[in-house]
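A quick write-up on the structure given underneath.
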Amino acid sequence: MAIRKIRKLGDEVLRKKSKKVTIFDEKLKQLLEDMAETMRWANGVGLAAPQVGILKRVVVIDVGGGLIELVNPEIVAKEGEVLDIEGCLSIPGVTGEVARPKKVKVRAQNREGEFFEIEGEDLLARALCHEIDHLDGILFIDKAERIFEEGSEEG
Ligand code: ZN
């Protein structure tokens, strides 16, 4: 396993659309493991492959309930709306108030290519939406109703 470099705002890779994974091989497993290690090292709750410079539809999330690996994730159902604060490992020092669904259902594949569904509520729903947005080059600052920068007074 290895910690990969987290790409920061301004890096073009963050704005590109990621490609669907079609080959479930050792390289994919390595990517998933490196992403989990990088996320933990950075104290994040989620990381998408473009954040480490790889334009593949791969996401890892851990909001405290254990590691979730998602390959080719898609939101298939959503319910409700919650306005809350979120941040991003690619945009250090900035947080924003973003409206996200209260609950989502996501269909994805695991590292072997098997399909499964996962339901998330509140923080997990927010993380799922945030990370899946990364796969389409969308950042939370695009959707934020208010942005807060570290060290600046709120206003
Ligand atoms: Zn992010």
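Atoms within a ligand are numbered from 1 in the order they appear, just like the ligands themselves.
Applying side chain to side chain contact (heavy atoms under 4.5 Å, CB included) to Ile68 and the options Val106, Val60, Ile118, Asp62 leaves one that passes, Ile118. Of the listed residues (Ile3, Leu47, Val59), just one forms a side chain to side chain contact (heavy atoms under 4.5 Å, CB included) with Met39, and that residue is Leu47.
Ion pairing between a basic and an acidic side chain is recognised when a charged N comes within 4.0 Å of a carboxylate O; Asp122 and Arg100 show no such pairing.
For the Zn ion (ligand 1), protein N/O/S neighbours under 2.8 Å (waters excluded) are Cys88 SG, His130 NE2, His134 NE2.
In this structure, the side chain of Ser90 engages the main chain of Arg7 through a donor-acceptor pair within 3.5 Å.
Distance check: Ile6 CD1 to Gln51 CD gives 7.0 Å after rounding to the nearest 0.5 Å.
Note on residues 68-79: pairs passing salt bridge (charged side-chain N to carboxylate O under 4.0 Å, His left out), not counting sequence neighbours, are Glu69-Arg111.
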